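Letters go in sequence order (proteins before strands), and every chain restarts at 1. Model, not experiment: these values are computed from the prediction.
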Amino acid sequence: MIDPQLLRDNPDVVRRSQEARGSSVELVDRAIEADAARRAAIASFERLRAEQKAFGKTVSSAPRDEKAALVAQAQELASNVKQAQQQATDAEEAFTRAITAIDNIVLDGVPAGGEDDYVVLREVGGIPEFDFEPRDHLELGELLGAIDMARGAKVSGARFHYLRGVGAQLELAIMNLGLQKALAGGFVPLITPTLVRPEIMSGTGFLGEHSDEVYYLPADDLYLTGTSEVALAGYHADEILDFSCGPLRYAGWSTCYRREAGSGGKDTRGIIRVHQFNKLEMFAYTLPEDAEAEHQRMLAFQEEMLQALGLAYRVIDTAAGDLGSSAARKYDVEAWVPTQGRYRELTSTSNCTTYQARRLDIRSRTETGKTAPVATLNGTLATTRWLVALLETHQNADGSVTVPDALRPFLGGLERLEPIT
RNA sequence: GGAGACGUCGCAUAGUCAGGUCUAGUGCACCACCCUGCUAAGGUGGAGUCCCCUCCGGGGGACCGAGGGUUCAAAUCCCUCCGUCUCCGCCA
């Protein structure tokens, strides 16, 4: 949710942001109207309520013979109050609907435009070249006995898979490397629930336009999360945070579930786009003024991880139209996937400024002792998808895969993954 | 799954049976000041969150786990839900 004060004082900023995203500008005016209506309704309810309270005192202290008459009078007042209260509640709800429909205010410097209008900030690492025909990650995975799509489909359907043998080990190794880096960076590890209540799901903004991406369990009214960001943001919901020891940083590990409803026939081969995968996610709560620095810090951790794994990558600054509704700016790190001849997203880090925190009612104390919404940020540190770039980049002609130095300690010193016979 | 107890403005508690000076009391912790030859004890005052209005002095409203209901009036009575605890049953 954006700052209602900003909507009132500086609606043009909100309009410009909506425009940059290609979102509805008209929503802004609708929200402003709803705000005015809400305030008027609240004022008239409170006036009547004050009157009723004063009158109630007269009734309770009145002599017995006058009481009946006073009560009759109070009855009429009560019905007016009830009506006014209903109007205030309705107006409040209408305003909340209107303002939550507005996306977060895009930060200055974010490229305008849609999905293809990103700006490449840098390309790092040499694109790998092979003197043989490289195999794709699934072929390698099958040779190594690491990935089993067929049995995944047999048991659970399309877009499900098994990681087995060195595949399973490799994923755990990547996660552990990420965790090690996160710990060094002051992140508290957190293994999170993956089933959450509706209010947490909507509070984090995942029940908006893309709600058909989300698995839902009607019998229990719970949602399966597509990222631990949901549980990490909900962790401090309704709390007033203490930043006297700096930002609060968490590294959340969880299995993630996505319906991939809109992805049609995209990435149907292998484990690039699957219904279930694992992810280590960074999450930070900071003061609003520290958010941009924290965002850069997260990006640096992500780049450090890709470098440690010897992957070629580029960093892009996502265009306004491609931002999630909560994000004010988003950087993606994309790794080179040899058999596709292009970069594919491995990580994403979003600065949600105070948008998410306002919805979830997460605040901190300012110097004057008042409360104010905090900023929240999230960023990927490792996922199952990384296996794709890792296997393809470090493959050898015989189908074996060289393990990057940084991962060896997590694989018992293993230097090479060998095809199984 | 069954039975029961409970949820009060940081923490701990009173208030709920018998609805109305509850404008929610008290203790601890906290802040300011006073007193005191110690960082102790004591005294006075302050202090929650959210929202609305404001001539920026202040004024008003909401919040007793959440949401409804009854009533002129609800922390208090009724219903639903959530959570915690105890006992029983069942089970990885």
Side-chain angles (χ1 to χ4, degrees), chain A residues 1-9 31-100 191-204 207 216-223 230-231 234-245 248 255 285 354-374:
Chain A
M1 191 171 103
I2 62 162
D3 185 357
Q5 198 64 47
L6 181 72
L7 184 70
R8 235 174 277 167
D9 299 346
I32 291 170
E33 279 169 35
D35 186 33
R38 151 184 166 269
R39 286 151 71 192
I42 288 173
S44 77
F45 159 68
E46 289 183 352
R47 211 177 315 114
L48 281 167
R49 181 69 174 143
E51 201 183 321
Q52 184 191 31
K53 280 174 79 167
F55 201 79
K57 286 210 171 77
T58 328
V59 174
S60 65
S61 58
R64 184 174 294 200
D65 56 330
E66 290 174 22
K67 224 163 196 167
L70 286 170
V71 164
Q73 215 175 325
Q75 275 169 347
E76 194 186 330
L77 193 50
S79 87
N80 290 344
V81 167
K82 193 159 195 171
Q83 200 183 344
Q85 181 166 33
Q86 190 56 50
Q87 279 166 5
T89 307
D90 291 348
E92 186 80 54
E93 277 172 14
F95 171 67
T96 304
R97 266 198 308 277
I99 198 170
T100 51
I191 296 175
T192 64
T194 54
L195 288 170
V196 302
R197 297 170 179 284
E199 56 268 30
I200 298 296
M201 205 63 184
S202 63
T204 44
L207 287 186
Y216 174 59
L217 279 62
D220 301 281
D221 196 19
L222 290 170
Y223 292 90
V230 178
Y235 190 63
H236 284 304
D238 300 318
E239 294 183 24
I240 297 174
L241 305 182
D242 179 7
F243 286 146
S244 58
C245 300
L248 301 183
T255 300
Y285 299 86
T354 58
Y355 190 87
Q356 202 172 49
R358 203 171 261 112
R359 268 195 183 188
L360 291 167
D361 196 22
I362 307 170
R363 294 156 293 158
S364 69
R365 295 267 173 213
T366 63
E367 281 177 16
T368 58
K370 294 283 175 205
T371 63
V374 305

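Contacts of A:Arg358 with the nucleic acid, taken as non-hydrogen atoms under 4.0 Å apart, are absent. Among the protein residues, A:Lys370 comes within range of no part of the nucleic acid, since none of its heavy atoms lies under 4.0 Å from any strand. Note on A:Gln52: only backbone sugar-phosphate atoms sit closer than 4.0 angstrom, heavy atoms only; bases stay farther off. Residue-level contact check: A:Arg47 touches neither bases nor backbone, having no heavy atom under 4.0 Å from any strand.
Atom CD in A:Glu46 sits about 16 Å away from atom P in B:C50, given to the nearest Å. As a whole-Å value, the separation of A:Leu7 CG from B:C51 C1' is 16 Å. For the pair A:Glu51 CD and B:A62 P, the computed distance is 14 Å after rounding to whole Å. One interatomic measurement links the two molecules: CG of A:Leu48 to P of B:A62, which rounds to 12 Å at whole-angstrom precision. Atom CD of A:Gln87 and atom C1' of B:C52 are 16 Å apart (whole Å). As rounded to whole Å, 10 Å separates atom P of B:C51 from atom CG of A:Asp3. The CG-P distance, from A:Asp238 to B:C82, rounds to 18 Å in whole Å. In this structure, the CD atom of A:Glu92 is 10 Å from the C1' atom of B:C50, given to the nearest Å.
Taking atom P in both B:C6 and B:G15, one finds a spacing of 12 Å when rounded to whole Å. B:G48 and B:C64 have their C1' atoms separated by 13 Å, given to the nearest Å. For B:A18 and B:A75, the C1' atoms lie 16 Å apart once the distance is rounded to whole Å. When the C1' atom is used for both B:U80 and B:C22, the distance is 27 Å, rounded to whole Å. For B:U13 and B:G4, the C1' atoms lie 23 Å apart once the distance is rounded to whole Å. Separation of the P atoms belonging to B:C78 and B:U84 is 24 Å when rounded to the nearest angstrom. B:C9 and B:C50: their P atoms are spaced 16 Å apart (whole Å). Annotation: B:C31 and B:A40 have their P atoms spaced 11 Å apart (nearest Å).
Two residues, A:Ala43 and A:Ile240, neighbour RNA chain B, and the one matched to the more 5' nucleotide by heavy-atom proximity is A:Ile240. Place A:Ala50 and A:Arg363 on RNA chain B by their nearest nucleotides, and A:Arg363 ends up nearer the 5' end.
Across every strand in view, B:G1 sits in a pair with B:C88 that passes the Watson-Crick or G-U test at under 3.5 angstrom. Shown here, B:U44 forms a base pair with B:A32; the pair counts as Watson-Crick or G-U wobble because both key distances fall under 3.5 Å. Using N1 to N3 plus N6-O4 or O6-N4 for Watson-Crick, or N1-O2 and O6-N3 for G-U wobble, each under 3.5 Å, B:U80 pairs with B:A66. Shown here, B:C38 forms no base pair; nothing in the strands shown gives a Watson-Crick or G-U wobble contact with both key distances under 3.5 Å. Summarising the base pairing, B:C50 is matched to B:G61 through a Watson-Crick or G-U wobble pair whose two defining distances lie under 3.5 Å. In this structure, B:A12 forms a base pair with B:U26, meeting either the Watson-Crick or the G-U wobble geometry with both donor-acceptor distances under 3.5 Å.
The shortest distance between the side-chain N/O atoms of A:Arg49 and the OP1/OP2 oxygens of B:C52 is not below 4.0 Å. Between B:C30 and A:Arg365, no contact under 4.0 Å exists linking OP1 or OP2 to a side-chain N or O. One finds no side-chain N or O of A:Arg197 lying less than 4.0 angstrom from the OP1 or OP2 phosphate oxygen of B:C82. Listed pair A:Arg39 / B:C53 meets the phosphate criterion, a side-chain N or O lying under 4.0 Å from OP1 or OP2. For the OP1/OP2 pair of B:C50 and a distance below 4.0 Å, the side-chain nitrogens and oxygens of A:Thr371 include at least one atom meeting the criterion. Within the structure, every side-chain polar atom (N or O) of A:Lys82 is placed at least 4.0 Å from both OP1 and OP2 of B:C72.
Inter-residue side-chain proximity for A:Arg358 and A:Pro4 is flagged as met; some heavy-atom pair is nearer than 4.5 Å.
Shown here for A:Thr100 and A:Tyr355, the closest heavy-atom pair between the two residues is O-OH, 3.7 Å. When every heavy atom of A:Val374 is checked against every heavy atom of A:Ala357, the shortest pair comes out as O-CB, 3.1 Å. A:Ala84 approaches A:Leu48 most closely through the heavy-atom pair CB-CD1, 3.7 Å.
Checking B:C72, B:G61, B:C51 against the side-chain heavy atoms of A:Val71 singles out B:C72 as nearest.
With rounding to the nearest 0.5 Å, the separation of CZ in A:Arg359 from CD1 in A:Ile99 is 10.5 Å. Annotation: the span from A:Leu360 atom CG to A:Tyr285 atom OH amounts to 7.5 Å, rounded to 0.5 Å.
Side-chain atoms of A:Asp90 and A:Gln86 include a donor-acceptor pair closer than 3.5 Å.
For B:G57, the base adopts the syn conformation, since its glycosidic angle falls within 90 degrees of zero.
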Is there a side chain to side chain contact (heavy atoms under 4.5 Å, CB included) between A:Thr354 and A:Asp3 once you walk through the steps? CA-CA 8 Å; A:Thr354 58; A:Asp3 185 357; 5.8 Å; no

